[in-house]
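The sequence lines fix the lettering, A, B, ..., with proteins before strands; numbering per chain opens at 1.
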Amino acid sequence: MKKELPKTYAPKEFEDRIYQTWCEKGYFMPSADKSKPAFSVVIPPPNVTGQLHMGHALDETLQDILVRSKRMQGYSTLWVPGTDHAGIATQIKVEESLRVNEGLTRYDLGREAFLERVWDWKNKFGSRIISQLKKLGTSCDWSRERFTMDEGCSKAVREVFVNLYNKGLIYRGYRIINWCPNCRTALSDAEVEYSEQAGHFWHVRYPIKGTDQFLTIATTRPETMLGDTAVAVHPDDERYKDLVGKTLILPLVNREIPIVADEYVEKDFGTGCVKITPAHDPNDFEVGKRHDLPIIRIMNDDATISKDGGVYAGLDRYEARKQIVADLEKGGFLVKVEEYSHNVGTCYRCKTTVEPLTSDQWFVKMEPLAAPALEVVKNGSVKFEPERFSKTYINWMENVHDWCISRQLWWGHRIPAFYCDACGEMVVSKTDVHTCPKCNAPMRQEEDVLDTWFSSALWPFSTMGWPEDTEDLRRYYPTSVLVTGYDIIFFWVARMIFSAMEHTGEKPFDTVFIHGLVRDAQGRKMSKSLGNGIDPLEVIDEYGADALRFALASGNSPGNDMRFSTEKIEAARNFANKLWNASRFVLMNMDEETPYGLPAVEELATEDKWILSRFQKLTKEVGSNLDKFELGVALNAIYDFSWDVFCDWYIELTKSRLYDKTSKSAKNAVRVLGYILVETLKLLHPYMPFITEEIYQALPHDEESIMISRFPVYDEALLFPEEEENMERVIETIRAIRTRRAEMNVLPSRKTKLFIVTKHSEAFRAAEGFFIKLAGASEVVFTDAFKDEGAVGIVTSSATVYIPLADMIDLDKEKERLAKELEKTEGEISRIEKKLGNEGFVAKAPAAVVDGERAKLAKYRETEKKLHEELKKLENL
RNA sequence: GGAGGCAUAGCUCAGUUGGUUAGAGCACUUGCUUCACAUGCAAGGGGUCACAGGUUCGAGUCCUGUUGUCUCCACCA
C-alpha cells in the first residue's frame with residue numbers, strides 16, 4: 001500500500017494526469033443510483049470563442065466546490081457544461097478578423113458565406129474555453145456538453161418563440177429602441193450602459209410664426225433638431241400658456257412645428273421649453289404619441305444624417321452637430337452655450353454611444369411574464385444568496401419594459417417569421433415555411449436574429465432536453481443552484497426565471513448564489529484596456545490550479561467583490577506545500593502494513609483523542625458553512641485546522657512516539673495521523689481537488705478516489721471532551737513556558753528543569769514527554785508544593801510552572817511583567833464582579849452565561865493569588 | 001432622484017441568531033540550519049471596531065442620524 005511522494009510539491013506533474021483519470025472513470029457523470037437525492041447545476045455558458053478570465057475562474061471554482069461537496073455527501077450530481085454563441089461578441093470578432101486579414105466586410109461576403117466563416121471560427125476556438133475549464137478542475141459532465149445554437153437548444157428557441165407569439169406575448173412594432181451604430185443593431189435596455197460625459201447645453205431660439213418673437217429651447221443634441229416635430233411646454237407654465245397652439249418656424253430647416261402642452265416638461269429645468277424629436281428620444285416618442293406628432297427619422301443606421309436631414313444628409317452625427325451649431329450661430333439663433341455634464345448611453349459590447357431611434361423590431365411583452373417571476377422570488381421559492389439581491393431583482397422586474405429581442409446581426413437564431421411579398425402575409429412557425437399558405441407565392445424568412453440572451457434564458461431546461469419530456473428534466477429540473485455574478489442578474493437570471501415559469505411552469509432553480517467581481521490588488525476592475533488582468537492560465541501554470549482555486553475561495557464572501565494579488569496566490573501555494581510536506585512526514589512513518597482507519601478507542605492516547613475531537617468540531621463547522629454558502633469561512637476553518645492544529649501541534653506531539661517505529665504506540669500514532677490527514681483531505685477536496693487526490697492515493701485510503709469518498713460527517717462517538725480539555729491545558733502551559741523563555745532570551749538549545757504544580761496532575765504527568773520535547777525541559781518534576789524561592793513561576797489557569805532562576809533572568813523585567821499581568825487579571829476580576837453585581841445581568845442573562853462568568857471569576861481569582869505569591873517571592877530575593 | 005454595499009491592526013479581510021481579554025493572512029520586530037516543510041518553526045508589537053445618539057443587564061454585532069467611499073437602477077431635454 002505504501003507509496004512515496006516526491007520531495008517537492010510540483011502540481012504540474014500530476015494535475016492533468018489526475019483530471020484525465022477522473023474523466024476516464026466517469027466520476028463526473030451523475031450516479032445511476034436512483035435512490036440518491038439529486039443536486040444539479042447548469043454552468044453559466046461562457047462565450048464560445050472566449051478565453052478564461054478570473055471572473056470565470058471564480059464562478060467555476062465556486063460551482064465546483066458546491067458540486068464536489070454534494071457529490072461526496074451522497075447526492076447524484078449533475079453539472080451541465082456548455083457555451084454560448086454570444087451573438088454580438090462573436091460576430092464582432094469575426095468581422096474584425098475579416099477586416100484585418102482580408103480587408104473585407106461581412107457585406108462583401110454575404111450572409112451565407114459570412115456565417116460559414118463564423119462557424120469555422122466557432123469550431124476553431126470553441127474547444128479552447130472548454131479545455132481551459134478542464135485545467136481548473138471543474139467536474140462537469142462533459143458527455144452532456146451543450147451549445148446555445150446546437151440542434152436541441154435551437155429547437156427550444158423556436159418552440160418558445162412560437163408559443164409566445166401565439167399567446168400575443170411577442171409582437172412586432174415600430175418603436176423607439178437603442179441603436180448601436182457600430183454594431184449596426186438594436187439593443188435591449190439592459191445592453192445600454194450609461195456613463196457621465198462632459199457636453200454642452202445649447203440654447204437655441206425658434207422664431208414664432210407671424211411675429212418677431214422667439215421661444216428659446218435648450219438641448220444637448222442640436223443635430224436632432226432636424227427631426228423636431230414640436231416644442232413642448234408645461235401646461236401650467238404661465239410664461240408660455242398663451243403660446244400653446246401657436247406655430248414655430250424650425251431654424252435651418254424652416255419647417256412649421258406646433259407648440260404643445262405636456263406634463264412631461266419640467267418647468268424649472270432649462271428654459272422650460274423642450275424640442276420634441278419623436279424619432280430620436282424615448283421621452284419625445286411618448287410625447288409624440290400623445291399629441292399625434294409626425295415622426296421624422298433623420299439618421300441612418302450608421303449614424304450619418306439621412307436624406308430627411310436636408311443639406312446635412314451624409315454627415316456623421318458629430319460632424320452634423322458641429323455644422324448645425326455653426327449655422328445656428330451664423331443665423332443668429334444661438335443664444336448661449338453652457339458646459340454640461342450628462343449621462344450618455346453606450347453599447348455594452350463596443351462602448352459606442354448608442355442612438356435612440358425608431359425602427360421596426362420584435363418585442364417580448366413583459367407585464368404578464370413578470371408577474372409569476374416576481375411571485376416566485378417574493379414567496380421565497382427562489383432564494384437569492386445573499387438575500388439582498390432579491391431586492392435588486394424585484395425592483396427591476398417591477399419596472400421592466402418590453403424586451404426588444406431582434407438584432408440586426410447574422411450570427412444567432414434567425415427569427416422564425418416568414419413573409420410573403422406577394423400578398424403581405426406573415427407566418428410564425430416552428431418549421432421553415434417556403435410557400436405562402438394564402439397565395440402560394442414564395443416566402444422569405446425574417447432577416448433578424450434573436451438577442452443572445454433569448455436563448456440563454458432557456459438554458460436550465462433547454463440543456464436538459466426541453467421541450468421533450470426527458471429523464472434529465474424529470475430528475476434534475478428544477479436545478480438546485482445557479483452561481484453567477486451580480487452583474488448579470490438582469491441580463492440572465494431574471495430572464496431565466498420568467499422564461500422557466502412561462503414555459504415549464506416551474507422555477508429554473510432553487511437558489512441563486514451571487515458572487516462579486518474579481519478586482520486587481522488596487523481594487524480596480526480587471527480589464528483588457530487597463531491591462532491589469534491576471535490570466536488564470538498563467539497562474540495555473542506557475543502555481544497550480546489548486547493554489548488558484550484556494551486563492552479565489554479563501555476570504556470570498558457571498559455577493560462581495562474580492563481583490564486578487566500574487567501575495568494571495570503565494571499564500572495559497574504555501575498552504576499546498578505545507579500539506580504536501582506534512583503528508584510526506586506521515587508517509588515516512590508508515591510501513592507497508594499500515595492500514596486505513598483508527599485503532600481501537602482503548603488504544604488511543606490523550607493527544608489522539610484531542611485531535612479526533614477537534615476534527616469533529618471542524619467537520620461540523622465546515623458542513624454548516626457549506627450549507628450557508630459561506631465557502632470562504634469553511635475553507636478558513638480547514639486551513640486553520642490543517643496548519644495550526646494538525647501540523648503545528650498534533651504532528652509535533654506524535655514525534656516522540658514515532659522514534660521507535662516498531663512500537664505499538666508508534667503504530668497507533670501513525671494510524672491516527674493517516675486517518676486525520678485523509679479525512680481532512682476529504683474536507684478540502686472540493687476546494688483543492690488535485691493535491692488532495694494525489695496525496696489520498698499515496699496514503700492508505702478507503703475508496704478508489706477521494707472524489708467519490710464519503711464527506712466527513714459530525715460523529716459524536718469521536719468526541720472526547722475530557723481528553724480534549726486536558727490536552728488544551730497542556731498546550732496552554734507549553735505555550736506559556738515558551739513565551740517566558742522567549743521573553744527571557746533563553747536559547748532554544750538551553751534546557752531547564754521544570755517544576756509543575758497542578759490540580760490536573762494525571763494529565764500533566766502523562767504529558768511529561770511533551771514538556772521535554774516542546775517546552776525545552778531537561779527534566780520535569782511534579783510536586784504539590786514548590787518551595788525553592790530561587791525560581792521563576794509561570795502561571796496558567798491550570799498549572800503553575802517553576803523554572804529555577806539562572807543568571808540570564810532579568811529580575812526587574814520579570815517583576816514588571818508580573819505586575820502587568822496582575823493588573824490585567826485584576827481588571828478582569830473587577831469587570832466580572834461588576835457584571836455579577838449587576839442585578840439585571842444575574843436576573844435576565846441566561847443561567848449558562850451567568851455560571852460561565854462565575855467560573856471565570858474563580859479562575860481569575862486563583863490566578864491573581866498565584867501572581868501575588870510570585871511577586872512576593874521575587875521581592876524577597 | 002431611488003436603492004444597496006462597504007467603513008475593524010500598516011495592508012487585505014473574517015467576526016454566525018448581541019454574551020470570555022475583537023481574530024487571520026501579508027507586512028513588521030526578536031530568536032531558531034529542531035532529521036516533513038526557510039514556500040518553514042517559536043515568540044512578540046500593533047486596533048477609541050468611521051462619528052453621534054438610542055435599545056439592552058450587556059453592542060464590532062440591533063435601531064436612528066451624520067460623514068466618507070463604492071456600486072446598481074432611473075435618465076431633466
Protein and nucleotides 15-18 of chain B: nitrogen or oxygen contacts under 3.5 angstrom:
unit_1: U16(B); atom_1: O2; unit_2: Lys628(A); atom_2: NZ; d: 3.2

Gap in Å between the two C1' atoms, one belonging to G19(B) and one to G25(B), rounded: 28 Å
Short heteroatom pairs, N/O only, protein and nucleotides 3-11 of chain B, under 3.5 Å:
unit_1: G4(B); atom_1: OP1; unit_2: Lys391(A); atom_2: NZ; d: 2.9

I'd like the C1' distance from A50(B) over to G58(B), given in whole Å. 23 Å
Length of the line joining Leu658(A):CG and A36(B):P, which is rounded to integer Å: 10 Å
Polar pairs (N or O, both sides) under 3.5 Å between protein and nucleotides 24-28 of chain B?
none

Contacting residues from residues 229-236 of chain A, given that a heavy atom lies under 4.0 angstrom of RNA chain B: none
Counting just side-chain N and O atoms, does Tyr340(A) come under 4.0 Å of either OP1 or OP2 of A77(B)? yes
Between U39(B) atom P and Lys7(A) atom NZ, what is the distance in whole Å? 13 Å
For nucleotides A43(B) and A9(B), find the distance between their P atoms and express it as a whole number of Å. 24 Å
Sidechain N-carboxylate O distance under 4.0 Å for Glu853(A), Lys856(A): yes
Intermediate values then yes/no, side-chain contact (heavy atoms from CB on, under 4.5 Å), Phe646(A) and Thr680(A): CA-CA 9 Å; Phe646(A) 184 70; Thr680(A) 307; 5.6 Å; no
Salt bridge or not between Glu833(A) and Lys835(A)? Use side-chain N to carboxylate O under 4.0 Å. no
Distance check, P atoms only: G10(B) and U39(B), in whole angstrom units. 28 Å
For RNA chain B, what string of dots and brackets results from 5' to 3' when Watson-Crick and G-U pairs need both distances under 3.5 Å, crossing pairs get [ ], and pairs with another strand get |? (((((((..((((.....[...)))).(((((.......))))).....(((((..]....))))))))))))....
Phosphate-side-chain proximity, Lys856(A) and G19(B), N/O vs OP1/OP2 below 4.0 Å: no
Below 4.0 angstrom from OP1 or OP2 of U39(B), is there any side-chain N or O of Trp580(A)? no
So, Glu621(A) and Lys617(A), do they make that salt bridge, N to O below 4.0 Å? no
Whether Glu355(A) and Arg221(A) form a salt bridge (side-chain N of Lys/Arg under 4.0 Å from carboxylate O of Asp/Glu) is what I want to check. yes
So, are Arg861(A) and Glu826(A) salt-bridged, with charged N and O less than 4.0 Å apart? no
Looking only at side-chain atoms of Phe269(A), point me to the closest of A42(B), A77(B), A36(B). A77(B)
Atom pairs, protein N/O to nucleotides 43-46 of chain B N/O, distance under 3.5 Å:
unit_1: A43(B); atom_1: O3'; unit_2: Thr739(A); atom_2: OG1; d: 3.4

Checking Lys578(A) against Tyr639(A): charged group under 6.0 Å from the ring centre and within 45 degrees of the axis? no
